[in-house]
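Just below is one structure, and these are the notes that go with it.
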There are 2 protein chains.
Amino acid sequence: MAEPGPTSDGLLFLTDEQLRKGIEAMFFAYRGFTADPDRILETKDYGRAHHRAVHFIHRSPGTTVSNLLSILGVTKQSLNRVLRSLIDDGLVRSEKGKVDARERHLHLTDKGQMLERELSDAQRARMRAAYRAAGPQAVAGFRQVLEAMMDPEMRRQYNRLKEGG
Amino acid sequence: MAEPGPTSDGLLFLTDEQLRKGIEAMFFAYRGFTADPDRILETKDYGRAHHRAVHFIHRSPGTTVSNLLSILGVTKQSLNRVLRSLIDDGLVRSEKGKVDARERHLHLTDKGQMLERELSDAQRARMRAAYRAAGPQAVAGFRQVLEAMMDPEMRRQYNRLKEGG
DNA sequence: AATTTACGTCAGCCTTGTTGACTTTCCAAG
DNA sequence: CTTGGAAAGTCAACAAGGCTGACGTAAATT
C-alpha cells in the first residue's frame, strides 16, 4: 500500500484512495466521538444540541447569546429552544448585562456544572485513550490536520477559544 | 503552553486543557468536513443521509440493504426513505439477488455516479488541502488517532472497507 | 426622535432519526 | 411439502433539531 509521502516539488503524493480512507475515518471516528455523551444525554432527555450549548457556556462563562450563536452556527430560534429548556431545568442561568442591558450573559448553575462534568469526563476519557494509543507525534498531527480542515471562520473561533477564555 | 509528551512510565501527559482542544478541534473540523457536500446537496434537495448512502454504495457496489444498515447504523425505515428517493430519482438501482433473492443489491446508475463524483470531489479537495497544509507526518498521526477513537465495531467496518471491496 | 441591536417568541416547515405493526418474499430445516 | 424465520418493504406516528418569516420589547446608538 502506497503511503502518502513528500515529492520533489514539496507537495504530497495523495491518491483518491488515501483521501477516501481519511474521509471514512472522519465519519466513523465522529460517531465514536459523540457516542458516549449521546448515551448519557439520552437518559436525561437532552440531545447533542444541549451538549454543545453546555460545553461552550462552560468554556466561556458569561458569554452572550450572540456569541453562542456565532460559535454554534445555528439560528437564534433553534438555540433558544435548547437554552429555554436548560434555563427552565435550572442548568443555565441567564442574566442581563450590566454594561449593555440588552445582552444576556449565560452561566452554568451547579446542576449545569454537574452535567457538563459528566459529559466531558466521558468524552475526554475516549479522547485520552485514543491519544495514548496513537502516541504524542500522532496527537500533534491529528490537531494539525483538523485545524487545516476547518473553514477560516471556524478556525478563528477555534483559535480564539484555544488560548484565552 | 505544555505540549503532550511521553513520560517515564511510557504514558502521555495529557491535561484536561489539551483534551478539550482536541474535542473542539473535532467539532469545528467536522463542520468543515461536511460543509462542501452540504452546499451541493442543498441545491439538489438531498441531505447528508443521501450522501452517506451514495458514498457507501459507490464504495461497495452491489452491497445489500442489510450491509448498508450495519454500516450506517440507522433503522431500515430511515434508510429506506432515503433509498426510496434515490431509486425513484434514478440515482440508485436495486436488484434482486441471484443467489438469495430476498436480498437487494444496490448500484449507482450513471446519474448516481455523477452525483457521487461531484460530492466526493468537493470533499476530497478539502481533505487534500488539509493534508498538504499539515504534511505527511501529520497525516499519519491524524489517521492513527481517528482510528483509535472509533468504537471497536465501527473500526471493524472501517478496516473491512479499507482494503478489499 | 428615529433607528438599530439583542433577545425572545409564535407559527409552520423540513430532514432524519425513532418505534411499532404488518405484509410479502423467499430460503432452509424439519 | 410445510412451516419457521430472515430479509426486505411499507404505513403510521412521533421527536429532535435544523430552518424561515413575522412580530414585540427593551436598550443603545445616531
Side-chain angles (χ1 to χ4, degrees), chain A residues 27 30-31 34-35 37-57 62-89 92-107, chain B residues 27 30-31 34-35 37-57 62-89 92-107:
Chain A
F27 173 69
Y30 198 78
R31 283 238 296 256
T34 56
D38 281 356
R39 262 189 292 274
I40 295 169
L41 289 158
E42 207 178 350
T43 70
K44 299 184 155 52
D45 262 44
Y46 290 127
R48 262 184 224 179
H50 301 84
H51 184 187
R52 293 195 284 263
V54 165
H55 174 96
F56 285 109
I57 294 171
T63 191
T64 63
V65 173
S66 321
N67 259 327
L68 215 47
L69 283 177
S70 77
I71 288 172
L72 297 176
V74 296
T75 59
K76 65 174 176 174
Q77 293 91 331
S78 200
L79 175 58
N80 194 254
R81 180 168 34 202
V82 163
L83 231 37
R84 187 76 269 137
S85 67
L86 291 174
I87 292 169
D88 289 351
D89 295 353
V92 168
R93 184 163 41 85
S94 163
E95 52 185 31
K96 274 191 184 177
K98 305 258 175 185
V99 31
D100 186 337
R102 289 171 306 180
E103 297 181 335
R104 296 291 179 276
H105 296 281
L106 304 170
H107 297 268
Chain B
F27 173 68
Y30 198 78
R31 283 238 296 255
T34 56
D38 281 355
R39 262 188 293 274
I40 295 168
L41 290 158
E42 206 178 350
T43 71
K44 300 183 155 51
D45 262 47
Y46 291 126
R48 260 183 226 181
H50 300 84
H51 184 186
R52 291 195 284 264
V54 165
H55 174 96
F56 284 109
I57 293 171
T63 190
T64 62
V65 173
S66 319
N67 258 327
L68 217 45
L69 282 177
S70 78
I71 287 172
L72 297 176
V74 297
T75 59
K76 65 175 174 172
Q77 292 91 331
S78 199
L79 175 59
N80 194 254
R81 179 168 35 203
V82 163
L83 232 35
R84 186 75 268 136
S85 66
L86 291 173
I87 292 170
D88 289 350
D89 296 351
V92 167
R93 185 163 41 85
S94 164
E95 51 185 31
K96 277 190 183 178
K98 305 258 174 185
V99 30
D100 185 338
R102 290 168 304 180
E103 297 180 337
R104 295 294 178 276
H105 296 279
L106 304 170
H107 298 268

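Everything numeric here is computed off the predicted structure, so don't read it as measured data. Each chain gets a letter, A, B and so on, in the order the sequences are listed, and its residues count up from 1.
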inquiry  = Within the 4.0 Å heavy-atom criterion, would you say A:Gly73 contacts the bases, only the backbone, or no part of the nucleic acid?
reply    = sugar-phosphate
message = For a quick check of understanding: with a heavy-atom distance under 4.0 Å over all strands, which category does B:Arg81 fall into, base, sugar-phosphate or nothing?
response = base
Are the side chains of [X] and [Y] in touch, meaning some heavy atoms are under 4.5 Å apart?
X	Y	value
B:His107	B:Val92	no
B:Arg93	B:Ile87	no
B:Lys96	B:Glu103	no

query = What pairs with B:Arg81 under salt bridge (charged side-chain N to carboxylate O under 4.0 Å, His left out), at least two apart in sequence or on another chain?
reply = none
Output the rounded distance in Å from [atom1] ([X]) to [atom2] ([N]).
X	N	atom1	atom2	answer
B:Leu68	D:dA7	CG	C1'	14 Å
A:Glu103	C:dG8	CD	P	11 Å
A:Ile87	C:dG8	CD1	P	7 Å

inquiry  = Under 4.0 Å, heavy atom to any atom of DNA chain C: which of residues 47-55 of chain B qualify?
reply    = B:Gly47, B:Arg48, B:Ala49, B:His50, B:Arg52
Pairwise N/O distances under 3.5 Å, protein to nucleotides 24-30 of chain C:
unit_1, atom_1, unit_2, atom_2, d
C:dC26, OP1, B:Lys96, NZ, 2.8

request  = Sort and list the pairs that fulfil salt bridge (charged side-chain N to carboxylate O under 4.0 Å, His left out) and have at least one residue in residues 42-52 of chain B, not counting sequence neighbours.
outcome  = B:Asp38-B:Arg48, B:Lys44-B:Glu118
Got a list of protein N/O to nucleotides 21-24 of chain D N/O distances below 3.5 Å?
unit_1, atom_1, unit_2, atom_2, d
D:dG21, O6, A:Gln77, NE2, 2.8

task = Among C:dT18, C:dT9, D:dG17, find the nucleotide with the atom closest to the side chain of A:Ser78.
result = D:dG17
message = Holding to side chain to side chain contact (heavy atoms under 4.5 Å, CB included), I want the full list of residues that pass it with B:Ser85, two or more places apart in sequence or in another chain.
response = B:Tyr46, B:His50
key: Output field: ring centroids A:Phe27/B:Phe56 closer than 6.0 Å   = yes
